[in-house]
Amino acid sequence: MNYFIQQLINGITLGGIYVLITTGFSVVYSVLRMMNFAHGDVYMFGVYVATTLLLTVNLNPLLAIMVGVLTGGILAALVQIIGYRPLRGAHPMMVIVTAVAIGWIIRNAVQLIWGVRNQPFPSLLGGGAVFHFGQITVPLAQLEALAFAVVIIICFNIFLRRHKVGHAITMVAQDIEVSSLMGIPINRIVTVVYFIAGAMGVAGGLLFASTYGVIYTTMGFNGTIVAFTAAIIGGMGSLSGALVGGMVLGLAQSLSAAYLSPGYRDAITFTLLIAILLVRPQGILGQGKVEEEKV
Amino acid sequence: MLNKRWFAAIAVFAMLVFILAGCGGSSTDGDTDGSNGTESIKVAYAGPMTGNNASYGEDQMAGMKMAVEEINEAGGFQAGPLKGAKIEIVGPYDDRSDPTEAANIAQKIVDDESVFAYFGNVNSSCSLAAAPILSRANLTMINSYSSNPKLTELGYMNVFRVILDDNSQAADIARILVEKFGKKNLAAVWANDDYGRGLADAFKVAVPELGANLLVDYSFTAGDADFSVLVTQMKDKKVDGIALLTTYSDGALVLKQSKAAGLDVGKGITVVGTTSNASEDFMKIGGDATEGTYLAAIWDPRLNNSIVQNFNKIYEEKYGRLPSEAVAVAYDAVKVFQKAVESGADSRETLAEYMRKTKDFEGVTGKITFNENGQAVNKESVLLVVKDGMFVPNE
């Protein structure tokens, strides 16, 4: 039982990080029906910037994280303005290809600037302490990472429900044309959405780095795959779907590794993905029908 | 619709023409360069120059360059039909640790008939992908870092390996954990690729033979960074010995996360890793969690003998740091090749025959003797320990 609870906590921590990464991916999809395959690489860039500020410049950790998060947000917004905006109305395939290409460009740029070797990342949370609860021991860092993920998700939800811009985002997600007729500045709102997606991605990437202690140039691309998979599992474009999808994916990966064979971790992830696509193509929390593609 | 299909068909056809034209072009290039005199011979190097394993690739290239420069500065080969000829390195070709890429590169290299010998690769998966292609073209592979046993067991007559294979390495690690340190409840961690599987198979055979128990058998996909499941398993089973059948980045992460979760790695729990953990990045990534970890290494620059110390001096002058084992084995690979050429090899076709005759060759990493499969035999591994953030030979 203790063993199960510990593995469950491992899964929930991983799931919490996945939720942050997936939310950024999903919120972009909800507004523009666009799969941002550069999402992971954009936030990876932000994570590298934060790491450099932290380790090389020796900036205050809080400041370094804030600059990293801002960098990710600004880069995401820039990518949108330069790469995606001219393609609005084009065939969805064009946008996907562009996104993949932008991801490559960012990844290669990071490899040129910071090199290709994996780099250590200091544990920002927990301070190496271990949390005891009866027989169960969990690194405090894991619990704190989870807490951060939850807080960020809650704040984002409050923002969407209470703030004027949040309302505008929700509205654009429902109908971009009507929103535009109602006087919502679409371009500005879309830019804000990308900014938020990039910033939340960096937050997820930093929690990942801090919990597992390493950063590497393919972490972003892996993150994109995670976000894509989790979004499909939970329901593409739905925020509660991102929550469920990310959590289900994290739990599935950890528990399958714990109870079946860790070597089958990826196989099980993708079996889950295929099963969802077969049984419930709109995802666990998706709307009744698969929405038509539009950009 | 029909138009689109036609267009696609034409596009595919056009691409094929381009690809075929490309291949034809490079092979004719090879023909014109093929009639080299005794001025210089070409040897190719392929290995990972980008990605997780880039540091091995870079180090191997450095070791090769060092040996080649030494030979060339001494006026080329000293004896044999190619006396006076110098060596020119073609490459490095970057296989990015990707077997498909390694196969493509091997094909490109064999098409160039002026290439005399092939050095590489680093990853076993890549070497195993390249070996059949090289073998068909009679081009000799001299490998100094892939350790999957299969490489020299599949019957390729042109493959030589100057280091011990995983069977010997994994059995060594099991012996060290059980016999030297008296650990009975073991965990094995390995990446689910050719390298990891080869080690794990041999380790799983060795452990029960020594009377110990393998309680946790954990494999992972390259690129996984989350080892929390493994850590929980090791805690749950109360293992007292860990075999890190990994490369440095994964190995270091396992220890870092174990320590963060309160496991007493390096002290109460004895950790013995493969030689592939022997990189400065192991300590850089793992930090103080790596303290007290043992490695069954191929070689160490701090070994107290004159050949090694001399080698260090030359390398340090050029690169400003001590050579890694990846440097030393790559250096030895070239020196063994030199010996084969000096004792009579004069072409791609005859090289393997003379390589096979290598016996008791005094290399920097020990004596090299090949068996009939091209596998180096009877080399000894060196036990290192991480002390104050440095690898030192275990006293």
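Note that the structure is a prediction, hence the values are computed from the model and not measured. Any value given below was found using the heavy atoms of this structure, including those in side chains, with hydrogens, waters and symmetry copies removed. First the proteins, then the strands, lettered A, B, ... as listed; each starts at 1.
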Scanning both residues in full, the closest heavy-atom pair of P120(A) with K256(B) reads CB-NZ, 4.3 Å
Bottom line for D226(B): the part with an atom under 4.5 Å from chain A's heavy atoms is both
Cut-off 4.5 Å, heavy atoms of chain A, and the answer for Q257(B) is side chain
- Task: For the residue pair Q6(A) and K235(B), establish whether any side-chain heavy-atom pair is separated by less than 4.5 Å.
- Result: yes
Under 4.5 Å to a heavy atom of chain B? For F121(A) that would be backbone
Greatest number of non-hydrogen atom pairs under 4.5 angstrom with chain A, of G287(B), A261(B), A191(B), G286(B), falls to A261(B)
Got more than 12 heavy atoms from elsewhere within 6.0 Å of CZ, F221(A)?
-> no
Comparing R117(A), Q253(A), Q111(A) against chain B, the one with the most heavy-atom pairs below 4.5 Å turns out to be R117(A)
Rounded to the nearest 0.5 Å, the OG atom of S261(A) sits from the CZ atom of F220(B) at a distance of 12.5 Å
Nearest heavy-atom contact between Y216(A) and A225(B) is OH-CB, 3.6 Å
* Asked: Heavy-atom count around K237(B) NZ within 6.0 Å, excluding the residue itself: above 12?
  -> no
When you measure from the side chain of D236(B) to the backbone N and O of Y3(A), does any donor-acceptor pair fall under 3.5 Å? no
What one should report as the nearest heavy-atom pair of D217(B) and P262(A) is O-CG, 4.4 Å
Okay, T221(B) and chain A: the region with an atom under 4.5 Å from a heavy atom over there is side chain
Rounded to the nearest 0.5 Å, the CG atom of N2(A) sits from the OG1 atom of T232(B) at a distance of 11.5 Å
Tightest non-hydrogen contact, residues A257(A) and Q233(B), listed as O-NE2, 3.8 Å
Ranking L253(B), V231(B), N192(B), T50(B) by heavy-atom pairs under 4.5 Å to chain A gives rank one to L253(B)
Honestly, the part of N118(A) sitting under 4.5 Å from a heavy atom of chain B is both
Self-check item: K318(B), NZ atom: more than 12 neighbouring heavy atoms under 6.0 Å
Solution: yes
So, the part of S254(A) with a heavy atom under 4.5 Å from chain B: the answer is both
